[in-house]
Amino acid sequence: MSITVTADTQFETVIGLEVHAQLLTKSKAFTPVKAEYGGNPNTQISPLCLGHPGTLPVLNENLVRFIIKIGLATHCEIAPKSIFARKNYFYPDLPKGYQISQFDTPICFGGHIMITLEDGSTKKIGLTRIHMEEDAGKSIHDQDPYNTLVDLNRAGTPLIEIVSEPDLRSPREAYDYLTQIKKIVQYLEICDGNMEEGSLRCDANVSIRPVGQKEFGTRTEIKNLNSFRNVERALAYEVERQKQLILDGGKVIQQTLLWDANRLETRQLRSKEEAHDYRYFPEPDLPPVIVTNSLLQEIKASLPEMPEVRKQRFVEELGLPEYDAVLLTEDRYLADYFEKVSDLSGEAKQTANFILTEIKRVLNDQHLDIRELSVKPEMLAELITLKTSNKISSSSMQPIFSEMLQTSLTASETAEKLNLLQVSDNSFLEPIVGQVISDNPDEVTRYKEGKKGLMGFFVGQVMRLSKGKANPKMVSQMVAKKLEEA
Ligand code: ADP
Ligand code: MG
């Protein structure tokens with residue numbers, strides 16, 4: 001039963017996402033041609049990609065292995081037998097006239113992904129299905145003033161489509177869900193997870209309903225979302241638009257909208273086609289996909305430690321705060337980097353601190369992936385060890401690290417070059433401490449009368465005279481001893 005809407009009706013947002021992930025297989029889904037991104041137009045094609053008569057598809061086994069990996073990692077059931085279907089439509093970048101996809105028998109179904117809400121609690125987002133697909137080619141509209149150009153390199157590259165249940169309740173939850181998907185595909189090394197470059201793509205379905213109403217409202221589907229932020233923004237915009245429309249007495253119509261990232265608004269693309277418009281039918285040229293139990297077991301055994309489990313281990317075994325563990329496990333390679341440095345230096349917390357501040361900043365500023373960083377884990381471990389063994393001060397870590405980025409010298413070479421090695425040598429420090437004490441008789445008297453706060457003053461003077469090279473801990477011990485004797 002739908003609820004009558006008045007000016008004070010509260011609405012609830014309902015969102016379901018369809019995410020396409022481009023798989024990192026070496027070759028295409030049904031033909032042995034390179035699936036790599038970025039080749040010269042129409043150089044990575046075969047007669048099959050061109051839809052020539054008489055060509056026959058042959059299934060790439062890695063497509064099946066990759067989708068089973070994510071199916072298992074997201075708690076899906078894996079169908080022992082599933083079939084491919086043709087999704088028919090006409091478009092210049094689809095010479096075959098159909099995409100090979102899966103329709104009523106997806107290979108994975110009924111799983112879930114956990115997201116973490118703002119209050120720290122977790123929520124299960126249901127997965128309707130994950131199925132296999134091939135991509136279409138690309139129409140290029142902005143290179144020739146008169147014609148649309150077609151590049152078929154992408155035609156036939158393998159995709160998976162992950163369809164969520166309408167379980168998301170806010171644009172923020174949609175954002176978190178996408179972040180989880182990105183993490184999962186990266187951990188599994190089945191997709192590079194880059195939405196800006198199109199290897200993850202998302203269509204967002206959204207509707208609203210009065211709080212308390214059982215039935216869902218009519219949804220719209222937003223396309224052209226090329227970043228996680230844009231998904232969140234577009235959904236927030238669309239929720240507001242639907243709300244105004246309904247409050248003004250109008251009705252939401254089911255349609256596909258395009259997000260305009262420059263004008264920050266959605267606009268109409270076309271009214272939504274229905275499944276029957278695609279005239280799906282079973283692909284006659286491919287046999288059913290049979291997943292044997294032994295294949296399932298083999299893939300299960302090969303799965304890496306997933307982010308949630310790894311985070312928990314960082315907290316329990318390495319004693320990291322939850323917050324650090326979450327940030328570090330967001331990216332598999334950042335977590336790998338952290339774990340290496342932490343193992344080598346034996347200093348989990350210090351390592352986490354340095355990575356989450358200095359290293360993250362450098363990666364952001366220079367748009368680098370952690371795997372591209374010139375300072376390798378062994379090199380950072382040495383820097384941290386220099387600090388924990390008091391050979392350098394904590395304030396020297398940053399300048400040494402910056403220099404290492406430029407030169408690829410080791411941490412101790414760099415500390416030496418920048419003259420930042422702390423001196424813990426008695427024979428060097430002794431005379432300086434002596435001099436500071438004899439130069440400041442008034443302070444010595446006041447200290448002896450009980451002004452213990454003057455310790456900072458003495459240590460400061462020694463640090464100044466040693467040009468910052470003294471080890472402050474050691475200086476303060478020496479000063480304390482000397483003052484006793486004085
Ligand atoms: P289609 O086949 O037209 O793409 P589906 O039924 O497969 O439609 O649903 C596509 C997506 O839309 C799914 O992620 C689903 O959760 C979501 N969805 C379905 N109904 C609604 C609704 N009323 N509001 C928001 N999202 C919805
Ligand atoms: Mg769909």
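Just follow the structure's listing: the first ligand is 1, and inside any ligand the first atom is 1.
- Close contacts between ligand 1 and G16 involve ligand atoms 14 (O), 16 (O), 17 (C), 26 (N) [criterion: under 4.0 Å to a heavy atom].
- Annotation for ligand 1: atoms under 4.0 Å from non-hydrogen atoms of G217 are 23 (N).
- A heavy-atom distance below 4.5 Å is not found between the side chains of Y175 and S170.
- In this structure, K311 NZ and L328 CG are separated by 12.5 Å, a value rounded to the nearest 0.5 Å.
- Residue E18 has at least one N or O atom closer than 3.5 Å to an N or O atom of ligand 1.
- Aromatic ring centres of F314 and F338 lie closer together than 6.0 Å.
- For the pair K87 and Y98, the NZ or CZ position fails the cation-pi test of under 6.0 Å to the six-membered ring centre and within 45 degrees of the ring normal.
- When non-hydrogen atoms are compared, ligand 1 lies under 4.0 Å from the backbone of L17 (N, CA, C, O) but not from its side chain.
- Looking only at side-chain heavy atoms (C-beta outward), Y177 and D167 stay at 4.5 Å or farther from each other.
- In summary, K360 and D331 do not engage in a salt bridge, as defined by a charged side-chain N under 4.0 Å from a carboxylate O.
- The cationic atom of R86 (NZ for Lys, CZ for Arg) does not lie both less than 6.0 Å from the six-membered ring centre of Y280 and within 45° of the ring axis.
- Heavy atoms of V163 found under 4.0 angstrom from ligand 1 belong exclusively to the side chain.
- When N205, L168, I15 are ranked by how near their heavy atoms come to atom 12 (O) of ligand 1, first place goes to N205.
- For P166, a nitrogen or oxygen atom sits less than 3.5 Å from a nitrogen or oxygen atom of ligand 1, counting backbone and side chain alike.
- Contact annotation: for E165 versus ligand 1, heavy atoms closer than 4.0 Å belong to the backbone alone.
- Considering backbone and side-chain N/O atoms, F216 never comes within less than 3.5 Å of an N/O atom of ligand 1.
- Judged by distance alone, the side chain of N205 and the main-chain N or O of I15 form no donor-acceptor pair under 3.5 Å.
- Here the shortest heavy-atom distance to atom 27 (C) of ligand 1, taken over R219, E161, E221, belongs to R219.
- When each atom of ligand 1 is checked for a heavy atom of V14 under 4.0 Å away, the hits are 24 (N), 25 (C).
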